[in-house]
Amino acid sequence: MLDIVYIRNNPEEAAAKLAKRGLSVDFSEFLEKDSARRALMHTTENLKAERNKKSALIPKLKKEGQDTASLLDELKTLSNTIHSNDESIDEMQKEQEVFLGGLPNLPADDVVAGGKEANEVVKTFGEQRTFDFEPKHHVDLLTSTGMIDYERGAKLSGSGYWLYTGMGARLEWALINYFVDAHLADGYEMVMPPYLLNYEAGYAAGQFPKFLEDIFEIRSNDDNFRFLLPTAETALVNFRRDEIMAEADLPHKLFAYTACFRREAGSHGANERGMIRGHQFNKVEMFQFAKPEDSENALDELVQKACALVEGLGLHYQLVKLAAGDIGAAMKKTYDIEIWIPSMGGYKEVSSVSNAGAYQARRGNIRFRRDEDGRIEFCHTLNGSGLATSRVLPAIAEQNQQADGSIIVPEVLRPYMGGIELIRPL
RNA sequence: GGAGAAGUACUCAAGUGGUGAAGAGGACGGUUUGCUAAACCGUUAGUGGGGGCAACUCCAGCGAGGGUUCAAAUCCCUCCUUCUCCGCCA
C-alpha cells in the first residue's frame with residue numbers, strides 16, 4: 001500500500017516512479033474523489049458533534065419534565081442524514097482502498113526503468129565449467145543416482161510433483177541444515193510458521209487480491225478461506241501484523257524453513273524439465289523488520305548472506321539487480337541470485353532478496369515507536385531466500401557431475417551427510 | 001465433533017441504555033530523602049481519521065462486522081478468538 005499523504009502531495013512524482021514499471025497511472029480522478037470524501041467527512045463529523053450535544057440534553061429535559069418530542073424529531077432527521085452520509089463515505093473509502101491496494105510499490109530511485117532485458121549483472125562468482133565429457137541433464141543425473149523419483153511423484157500427486165529419495169533426500173536435508181546453521185550463526189531467530197494462512201495474511205504480504213490464482217486454496221470444515229503459503233515470507237511478514245514494536249526491537253531478524261506451494265499454472269516447456277518449477281519446493285527464507293533509515297544496509301546484509309551461502313557450496317552464479325518492471329509488486333528494490341544450470345545453458349533464480357520499504361508494513365499495520373519522541377512509524381520489511389534448496393540441488397548435480405554420472409557432494413554439506421563425499425549412480 | 005463460559009488500557013478489573021468509560025496494580029514524572037525503601041501528589045483508554053499556520057479542536061474506537069435507538073461497552077444478529085469439561089487424536 002502506498003502512502004496516501006505522499007500521493008496527495010506528489011502525484012506527478014508517484015506517477016513517474018510507477019512509469020518505470022511500465023504502468024501509466026493518472027491520479028487526478030483519485031485526488032478529486034479524495035478531497036470530496038474528506039469534505040463530506042468534515043460536514044458529517046460536524047453533524048455528529050451537534051447530535052452528541054443535543055442528545056445529551058434529553059435526559060436533562062426529561063428530568064425537568066419538559067416535552068422532548070420536537071427535539072427528538074429534529075434528532076431523528078439529523079441521524080438519518082448522518083447515516084446516509086456515513087454510507088457514502090464508506091463506499092468512497094472502499095473504492096479508494098481498492099485503487100490504492102491495487103497499486104504496486106514505487107521502485108527505489110537507483111532502480112532502472114524497463115523489464116527483464118534491463119536487468120543488470122552486478123557480480124559473478126566462479127565460472128562456467130568446461131566439461132571434457134558430454135554433461136548430463138539433472139533429471140538424468142538425479143534419476144540414475146536414485147535421488148529423485150519423478151514417476152512416483154506423478155503417481156502420488158500428478159505432474160509437477162516429485163519425491164526426494166535416498167541420497168537426494170539426504171542432500172536436500174543437508175542443504176536445509178547448512179542454511180539453518182548459517183542463519184543461526186548470524187544471530188537470526190528461527191521460526192516455524194503454520195503452512196496454512198488466512199486471507200489477511202496474504203493481503204498484508206501484497207499477494208492478494210491480485211495473485212489469488214497463483215496459490216492453493218484450502219477450504220476446511222469451518223469454511224474459512226485459507227491458503228498454502230507460496231513462500232515463508234508470507235508468514236513472516238505477518239509475524240508482526242497489527243503490532244507496535246519498541247524501537248529497541250528493531251531490527252528483528254528471523255528466518256524460517258518451509259515447504260512452499262505454488263500453482264504454476266500452464267506448461268513451461270522442455271527447457272524447464274525437472275525440478276526448476278514444481279508445485280511444492282523447499283526454501284529457507286530470511287526476513288527483517290527494520291527501521292526505515294536502516295533498510296538499505298539491511299538489504300545489503302541479506303544479499304551478502306545469500307551470496308555467501310552459494311559461495312560456500314562452491315557453485316557458479318551471478319548476482320542480478322532487477323529493473324523496475326521485473327520487481328515483484330510489493331517490492332521497491334530486488335536482487336536475484338541466479339545459479340548456473342549447464343543443461344539450460346543459462347542461469348536460474350535460487351534467491352530473490354528484496355526491500356519492500358513500508359509497502360507491506362502499511363498493508364499489515366506493522367509499526368514501531370521512536371524512543372526519542374514516542375512517535376509511531378511504519379517499519380520497513382525485507383526478505384530474501386536463503387536459499388531455495390530445491391533449485392540448488394539441480395545446480396549441484398549438474399555443476400558437480402563427473403563423467404561416470406556421479407556427483408561430488410560440496411564440502412560444507414558433508415558433515416550433514418555422515419561424511420559422504422560422492423554420490424554414485426545406482 | 002458435543003456442551004458451557006468469557007473477550008473493556010501494559011496487567012487485573014467495575015460498568016446492562018443517557019454529558020467526561022470506575023478502581024487497583026504496574027509504568028512514568030514530581031515532592032520528601034545522605035542512599036535505598038516507604039509515604040504522598042500527579043500522569044498514563046492505546047490508536048486511527050477529519051479541520052486548523054498554530055495553540056487547539058472535532059469524529060470514530062470497549063474482540064470484528066451488521067442491526068435497533070434521538071442516544072449502545074450495555075439490547076438483538078452473524079462471525080472471530082481464548083478458556084473449561086467431554087469425545088477423538090500425533
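Letters A, B, ... mirror the listed sequences (proteins, then strands); counts begin at 1. Source: prediction; values computed, not measured.
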When you compare B:C10 with B:G26, how far apart are their C1' atoms, in angstrom units rounded to a whole number? 7 Å
Salt bridge flag under 4.0 Å for residues A:K305 and A:D186: yes
Find every protein N or O atom lying less than 3.5 Å from an N or O atom of nucleotides 55-63 of chain B, and list the pairs.
from: B:C59; atom 1: OP1; to: A:N52; atom 2: ND2; distance (Å): 3.1

How many Å lie between CG on A:D3 and P on B:G48, as a whole number? 13 Å
Quick one: A:D86 CG to B:G49 P, roughly how many Å, whole number? 17 Å
A:R369, nearest nucleotide to its side chain (from B:U47, B:G51, B:G18): B:U47
Is there a Watson-Crick or G-U wobble partner for B:U36 with both distances under 3.5 Å, and which nucleotide is it? none
For A:R8, report the nucleic acid contact type (base, sugar-phosphate, nothing); a contact means any heavy atom under 4.0 Å. sugar-phosphate
Please work out if A:L71 contacts a base, only the sugar-phosphate, or nothing of the nucleic acid, heavy-atom cut-off 4.0 Å. nothing
Can you see whether A:D149 engages A:Y164 through a side-chain donor-acceptor pair at a distance of less than 3.5 angstrom? no
Of A:A56 and A:R38, whose closest RNA chain B nucleotide lies nearer the 5' terminus? A:A56
G-U wobble or Watson-Crick pairing nucleotide for B:U43 (cut-off 3.5 Å, both distances): B:A27
Once you apply the 3.5 Å cut-off to both distances, tell me the Watson-Crick or G-U wobble partner of B:G1, or none. B:C86
Consider the side chain of A:H83, meaning its heavy atoms from C-beta on, and name the nucleotide among B:C70, B:G67, B:U47 that approaches it most closely. B:G67
Check whether any side-chain N or O of A:R367 sits under 4.0 Å from OP1 or OP2 of B:G48, and answer yes or no. yes
For B:A71, does either OP1 or OP2 sit under 4.0 Å from a side-chain N or O belonging to A:S79? yes
Would you mind pulling out the nucleotide paired to B:A13, Watson-Crick or G-U wobble, both distances under 3.5 Å? none
Looking just at side-chain N and O atoms, do A:S295 and A:N355 make a donor-acceptor pair shorter than 3.5 Å? yes
CD/A:E91: more than 12 non-hydrogen atoms of other groups inside 6.0 Å: no
Residue whose closest nucleotide on RNA chain B lies nearer the 5' end, A:Q93 versus A:K60: A:K60
Among the nucleotides B:G18, B:G49, B:G48, whichever has the atom closest to the side chain of A:I376 is B:G48
Could you tell me the Watson-Crick or G-U partner of B:A22, where both distances fall under 3.5 Å? Say none if there is no partner. none
Does the distance from a Lys or Arg side-chain N to an Asp or Glu carboxylate O, for A:E247 and A:K291, drop under 4.0 Å? yes
Can you list the residues that meet the side-chain contact (heavy atoms from CB on, under 4.5 Å) rule with A:K155, with sequence neighbours excluded? A:R152
Which pairs count as salt bridge (charged side-chain N to carboxylate O under 4.0 Å, His left out) when at least one residue sits in residues 229-245 of chain A, sequence neighbours excluded? A:R240-A:E243
Separation of A:N85 atom CG from B:G50 atom P, in whole Å? 17 Å
